[in-house]
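Some notes on the structure that comes next.
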Amino acid sequence: MSGRVKPVFLLVIPVLACAGFAQAQQQKIGAPPEASNMKLVGYSDLQARSAYQPTIHHQGDRWIAYIGHHGGSDENPDPVNPITGKAEPNGTSIVDVTDPAHPKYLRHIPGQEGKYESGGAQMVRVCDGKSLPKGDPNAVYLLRAIGSEGHEIWNVADPANPVLVTRIGERLKDTHKNFWECDTGIAYLVSGAPDWRTRRMTQVYDLSDPAHPAKIRDFGLPGQEPGATGPVPTELHGPISLGPQGNRVYFGYGTDKGGILQIVDREKLLNGAKEPTPDNLRYPEIGELPMSAFNGAHTTFPMKGMPIAEFAKDKDGGTRDIVMIVDEAIVNECNEPRQMVWFADVTTETRPMMISSFTVPESSGNFCERGGRFGAHSSNESMAPVFYKKMAFIAFFNAGVRALDVRDPYHPREVGYFIPAITEKTDKRCVTVEGKERCKIAIQTNNVETDDRGYIYIVDRANTGMHILELTGEARAVAGLP
């Protein structure tokens, strides 16, 4: 008799347990956030606009957050701006975060008409005019990408009343994750030049005088250039430059598959032959790290000269140059390979190698069942001393933001996380199952940035807004904060 009962018991109990776990993990409006060693300080709903890049700028005695946005949704293509009372296509939000507990929404600059990836103004960078070699010392310049409409520069010295300075580029296939050197004015604009064979490549500009942009060159991987034949290499996602002192630019290609980390000599890039021939495109390249067909390179964040405690007694190699590579998950409910965080040792630049990786364990939150995307997307990019080479913050979609101790990049370690609660404004995310659409509502932490004060800013792709966080407990100790 017991032999007949046992199989039934073993079959029923796990099913009930799994069902109870899944139900417990489904987010609900009004529920508290899920957090460890991170806590909420302040919040802005960003007018329920799908958010991409936040940039936090210290402006006089104020701190201002500039947030880029994706296009609108099917249900709400042009959200109403409560300040103007008008429906406006998603563009750029400007928020005063001087008091992080009480952020104040100042202005929305409308972007390109269009929904999701086809509209908005996703990328923002900010430089003081007094830092730029030929800038107006009284100005603060905002550089933003606005899809196929090109790029714009605004004067945001009065952040509540921005003034358009100039436009760059036209008839582009796309724009995306730019980088701007505030001390030189050199800008690496992710663009889709009409005659190039790829949706995204680099247009290098001298924006030292923002009112008078000067193009330096086009750049990309050999095979992407006009007139090339054969397979087209994977498209650019974005670069990060170490400026003239570091003399390196790190380019990340491939969003979620076939990624490439490209290490480029900045001086050769700027001063080498400009004609986009295969030889000229190869000339500034120092090294290249091809990634798996399963993973891309959304963010390539350099951390050079990191002392490795484990190697301190070794004759050589006690200090290493590291690049953190972050993939981007792009498909809902785990219908793709896992997108993660990778650490590459690039000390020998011509032969970079992967040394470690990080992902959030799916079982820790039943994330594949929650809805929306699960996996890495981006990291903070500030190199301010408060966190640089000590901690990194990774936006992980429905797993929120994850705080990593990166002091030993051979063994990165999670020391905190924060998963915001959903609100009535959080948009649904859908998949097709047996020909029918199935939708769920889950947080979609999209991008993250930090400021020099030690606050962490996360923004949501599914219209939930911006959460301002601070570290507690062990994570705060790792950062060396009081």
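Every heavy atom of this structure was used, including side-chain atoms; hydrogens, water molecules and symmetry mates were not. We count residues from 1, following the sequence as given.
- Checking Asp279 against Thr277 by side-chain atom types alone, no donor-acceptor pair falls below 3.5 Å.
- A salt bridge does not link Glu235 to Lys173: none of the charged side-chain nitrogens sits closer than 4.0 Å to a carboxylate oxygen.
- Residue Lys86 qualifies as open at atom NZ: its count of foreign heavy atoms under 6.0 Å is 12 or below.
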Report, one line per pair, each donor and acceptor closer than 3.5 Å where one atom sits in a side chain of residues 281-292; sequence neighbours left out.
residue, atom, partner, partner atom, Å
Glu285, OE1, Gln262, NE2, 2.9
Ser292, OG, Phe294, N, 2.9

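- When all heavy atoms of Pro302 and Ile240 are compared, the closest pair comes out as CD-CG2, 3.8 Å.
- The closest side-chain heavy-atom distance from Ile186 to Ile216 is below 4.5 Å.
- Between Met383 and Leu242 there is a side-chain heavy-atom pair separated by less than 4.5 Å.
- In summary, the side chains of Thr426 and Thr464 do present a donor paired with an acceptor at a separation below 3.5 Å, with no hydrogens or angles considered.
- Ser191 and His151 form a side-chain donor-acceptor contact under 3.5 Å, judged by distance and modelled atom types alone.
- Under the salt bridge (Lys or Arg N to Asp or Glu O under 4.0 Å) rule, Asp96 has a single partner from Arg107, Arg62, Lys104, which is Arg62.
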Test log, rule side-chain contact (heavy atoms from CB on, under 4.5 Å), inputs Ile456 and Asn380
CA-CA 9 Å; Ile456 304 105; Asn380 64 303; over 6 Å; no
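- Side-chain contact between Met123 and Val190 is absent, with no heavy-atom pair separated by less than 4.5 Å.
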Please walk me through it: do Ser148 and Gln112 pass side chain to side chain donor-acceptor pair (under 3.5 Å)?
CA-CA 8 Å; Ser148 61; Gln112 183 180 20; 2.7 Å; yes
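- The one candidate from Phe393, Tyr388, Phe343, Trp342 that meets the ring pair (Phe, Tyr, Trp, His ring centres under 6.0 Å) condition with Phe301 is Tyr388.
- By the 4.5 Å heavy-atom criterion applied to side chains, Asn463 and Asn76 are not counted as neighbours.
- The local environment of CZ in Arg453 is crowded, with over 12 non-hydrogen atoms from other residues, nucleotides or ligands closer than 6.0 Å.
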Test side chain to side chain donor-acceptor pair (under 3.5 Å) applied to His108 and Gln47, step by step:
CA-CA 9 Å; His108 174 252; Gln47 299 184 351; 4.6 Å; no
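- The closest side-chain heavy-atom distance from Ile168 to Glu152 is not below 4.5 Å.
- Ion pairing between Glu75 and Lys425 fails under the 4.0 Å rule for side-chain N and carboxylate O.
- His377 pairs by the ring-ring contact (aromatic ring centres under 6.0 Å, His included) definition with Tyr52, His298, Phe397, not counting sequence neighbours.
- With sequence neighbours left out, Asp256 forms a side chain to side chain contact (heavy atoms under 4.5 Å, CB included) with Ile330, Glu336, Gln339.
- Pro420 places none of its side-chain heavy atoms less than 4.5 Å from the side chain of Tyr43.
- Lys177 has its side chain within reach of Arg125: a pair of non-hydrogen atoms, C-beta onward, lies under 4.5 Å apart.
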Could you go through Thr347 and Asp345, starting from their C-alpha distance and side-chain angles, then the distance that decides it, and tell me whether this counts as side chain to side chain donor-acceptor pair (under 3.5 Å)?
CA-CA 6 Å; Thr347 310; Asp345 186 328; 2.6 Å; yes
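- No side-chain heavy atom of His57 sits under 4.5 Å from any side-chain heavy atom of Pro159.
- In summary, the aromatic rings of Phe396 and Tyr417 are positioned with their centroids too far apart to meet the 6.0 Å limit.
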